[in-house]
Amino acid sequence: MDIRQLGYFVAVYEQGSISAAARHCCVAQPSLSAALRHLEQELGVTLFIRLSKGVTPTEDGEKLYGHAGRLLSQLQSLKASFVQPVARVKFRLGLIRALGVERMSQLLREFSNAVPGLELHLVEPTDSCDARIITPQLLKAGEAFQPIWHDSYLLAIPLGSALSLQQEIQLDDFEQLPLIKRTPCDAWNTLYPELIRRGIKPDLRADIQTIEYALGLVSAGVGCALVPNLDSLLQRQDLILRPVNLQKLKRELGLAYNKNHTSAPLSVLLQLCQATA
C-alpha cells in the first residue's frame, strides 16, 4: 500500500466514479483502476460496488476512507511544516479617484498573484508611495509614465429629462442646465472654461468630490454630471448617459513611478500595465 493508491481511492470515493476520479487526478483511467484493484487485493476486501453509472463504497470502503483521509491530511501537514514562509513584500500604490472598480480589481488581483508575499497598501496619490496610478497632469519631476487606460466622458442625465431624447449633447444645451460640478475632474476643467468662453452659463446645483455622490444626485433628479465611460456606469438603469460634442473631453490614466528607483514588484506591475494598455 502506498500514498498514491490511497490518493486514488479517496478521489474515487469523493468523485463517485472512476472516470471522474481519473480526470480529477490527471491520470489515465486504466492506471487508476489498476491501482485500486491492487489496493483491494492487498487488503483482501472489496472497496466499491461497481455500477453502470459510478461506484458505491462498501462498508470496508467507508472504513478505509476515514483512515485514508487522516493519513493524507497528516502527510500534507508534514510537508507544509518544511515549507519556508514567504517573505512579506510591502508595496504602497497611490490611486486617484474614479478609476473604475472592475478594471482596478482585475489589475490588483493579477499583481497580487504575480508577486509572492505581496502586502499591498492603497493610499492617496499625494502620500509617500512606490508608484501611483494618475493622469499625466499630476506627474512629478523625475517620474516616468506608463499609459494604461484612455477614457472619454459622458453626461449623466436624470430619467425623464428632455436631453435623454438626444443622441449627443451640444454645448448650447448647457445654457441654464442644472449641473453638478465634480472636483477634481479633468473633463470639468476642460468643459467649463469652454462654456464660459462661449457665454454659456449652466445652473450649478452642487460641488462634490466623488462619482458615487454625483450619480446619486443625478438619479435623484438634482442635475446632470460629467462622468467617465466606465463599464459599470453603462449598466445603470436609473439615469441616461450621452456623449458631449466636445472632442477634448477625454482622460489618460497610467502608472507613474520614480525613474531612478526600481524594485521587483514595480517591474511586475509595470509589465501588467503595459499588457493592459
Side-chain angles (χ1 to χ4, degrees), residues 92-108 120-140 143 145 147-159 161 163-164 169 171 173-197 200-244 246 248-257 273:
R92 292 172 62 85
L93 180 63
L95 303 178
I96 63 172
R97 296 173 180 174
L99 291 174
V101 174
E102 291 83 1
R103 63 187 184 186
M104 271 307 306
S105 297
Q106 174 69 21
L107 178 61
L108 296 180
L120 184 60
H121 297 265
L122 303 181
V123 300
E124 294 292 328
T126 53
D127 293 345
S128 174
C129 50
D130 299 291
R132 308 185 297 153
I133 295 183
I134 59 173
T135 61
Q137 292 79 6
L138 299 177
L139 273 172
K140 299 177 181 177
E143 282 187 322
F145 185 79
I148 309 175
W149 301 298
H150 294 82
D151 297 330
S152 57
Y153 278 82
L154 303 172
L155 187 67
I157 304 168
L159 294 176
S161 169
L163 287 180
S164 64
I169 307 304
L171 293 185
D173 294 323
F174 284 89
E175 179 65 39
Q176 291 303 309
L177 178 69
L179 199 59
I180 299 161
K181 176 183 178 182
R182 183 175 58 83
T183 53
C185 174
D186 295 324
W188 178 267
N189 295 337
T190 298
L191 174 66
Y192 194 66
E194 182 66 20
L195 294 179
I196 298 302
R197 188 183 70 82
I200 299 172
K201 296 181 180 180
D203 179 11
L204 297 183
R205 295 291 181 89
D207 187 348
I208 59 178
Q209 294 185 339
T210 67
I211 284 182
E212 290 74 16
Y213 282 126
L215 293 173
L217 292 177
V218 174
S219 178
V222 175
C224 303
L226 288 172
V227 294
N229 61 336
L230 304 176
D231 289 341
S232 59
L233 303 187
L234 300 178
Q235 308 303 318
R236 293 187 62 137
Q237 303 296 316
D238 58 337
L239 47 82
I240 304 295
L241 296 170
R242 292 289 184 265
V244 178
L246 184 61
K248 296 178 289 185
L249 288 186
K250 299 178 181 179
R251 71 171 178 176
E252 183 179 40
L253 297 167
L255 183 71
Y257 57 96
C273 291

Task: Least distance between heavy atoms, Ile180 atom then Ala214 atom - done: CD1-O, 3.9 Å
Task: OH-CD1 distance between Tyr257 and Ile133, expressed to the nearest 0.5 angstrom - done: 13.0 Å
- [ ] May I ask you to test the Arg205-Leu217 pair for a side-chain heavy-atom distance under 4.5 Å?
- [x] no
Task: Smallest separation among heavy atoms of Ile211 and Pro228, with atom names - done: CD1-CD, 3.5 Å
- [ ] Decide yes or no for Leu171 and Leu191: does some side-chain heavy atom of the first lie under 4.5 Å from some side-chain heavy atom of the second?
- [x] yes
- [ ] For the residue pair Leu177 and Cys224, establish whether any side-chain heavy-atom pair is separated by less than 4.5 Å.
- [x] yes
- [ ] Hey, could you give me the CZ/CG distance between Arg251 and Asn189, rounded to the nearest 0.5 Å?
- [x] 12.5 Å
Open item on the list: Taking the side chain as everything from C-beta on, heavy atoms only, tell me whether Cys129 gets closer than 4.5 Å to Asp127.
Closed with: no
Task: Exam field: side chain Arg92 to backbone Ser128, donor-acceptor pair closer than 3.5 Å - done: yes
Task: Passing option when Leu154 is tested against Leu233, Leu234, Leu249 for side chain to side chain contact (heavy atoms under 4.5 Å, CB included) - done: Leu234
Task: Interatomic distance, His121 atom NE2 to Leu93 atom CG [nearest 0.5 angstrom] - done: 11.5 Å
Task: Separation between CD of Glu124 and CG of Leu122, rounded to the nearest 0.5 Å - done: 10.5 Å
- [ ] Can you see which heavy atom on Arg97 is nearest to which on Thr210, and at what distance?
- [x] NH1-CG2, 4.2 Å
TODO: To the nearest 0.5 Å, tell me how far Phe145 CZ sits from Leu139 CG.
DONE: 6.0 Å
- [ ] Mind running salt bridge (Lys or Arg N to Asp or Glu O under 4.0 Å) on Arg242 and Asp173 for me, showing each step along the way?
- [x] CA-CA 12 Å; Arg242 292 289 184 265; Asp173 294 323; over 6 Å; no
Task: Non-hydrogen side-chain atoms of Leu226 and Leu155 separated by less than 4.5 Å - done: yes
Open item on the list: Taking Ser161's backbone N and O only, do any of them form a donor-acceptor pair with Ser164's side chain (distance below 3.5 Å, no angle check)?
Closed with: yes
- [ ] Identify the two heavy atoms, one from Gly100 and one from Leu230, that lie closest to each other, and give their separation to 0.1 Å.
- [x] CA-CD1, 3.7 Å
Task: ring pair (Phe, Tyr, Trp, His ring centres under 6.0 Å) against Tyr192, all qualifying residues, sequence neighbours excluded - done: Trp188
- [ ] Go through the steps for Lys201 and Gln176 under the test side-chain contact (heavy atoms from CB on, under 4.5 Å), then give the verdict.
- [x] CA-CA 6 Å; Lys201 296 181 180 180; Gln176 291 303 309; 4.1 Å; yes
Task: Side-chain touch Asn229/Pro243, heavy atoms, less than 4.5 angstrom - done: no
Task: Crowding at CD, Gln137 (>12 non-hydrogen neighbours, <6.0 Å) - done: yes
Open item on the list: What I'd like to find out is whether the side chain of Thr135 reaches to under 4.5 Å of the side chain of Leu253, using heavy atoms alone.
Closed with: yes
Open item on the list: Suppose the criterion is salt bridge (charged side-chain N to carboxylate O under 4.0 Å, His left out): which pairs have a residue in residues 177-193, not counting sequence neighbours?
Closed with: Lys181-Asp207
Task: Heavy-atom side-chain contact between Leu246 and Ile169 under 4.5 Å - done: no
Open item on the list: Trp149: which residues meet the ring pair (Phe, Tyr, Trp, His ring centres under 6.0 Å) condition with it, sequence neighbours left out?
Closed with: none
TODO: Rounded to the nearest 0.5 Å, what's the gap from CD on Glu102 to CE on Met104? Could you check?
DONE: 11.5 Å
TODO: Decide side-chain contact (heavy atoms from CB on, under 4.5 Å) for Ile240 and Leu163; before the verdict, give the C-alpha distance in whole Å, the side-chain angles of both, and the deciding distance to 0.1 Å.
DONE: CA-CA 9 Å; Ile240 304 295; Leu163 287 180; over 6 Å; no
Task: Test side-chain contact (heavy atoms from CB on, under 4.5 Å) applied to Leu179 and Phe174, step by step - done: CA-CA 8 Å; Leu179 199 59; Phe174 284 89; 4.1 Å; yes
Task: Heavy-atom closest contact (Pro125 atom, Ile96 atom, distance) - done: CG-CG2, 3.7 Å
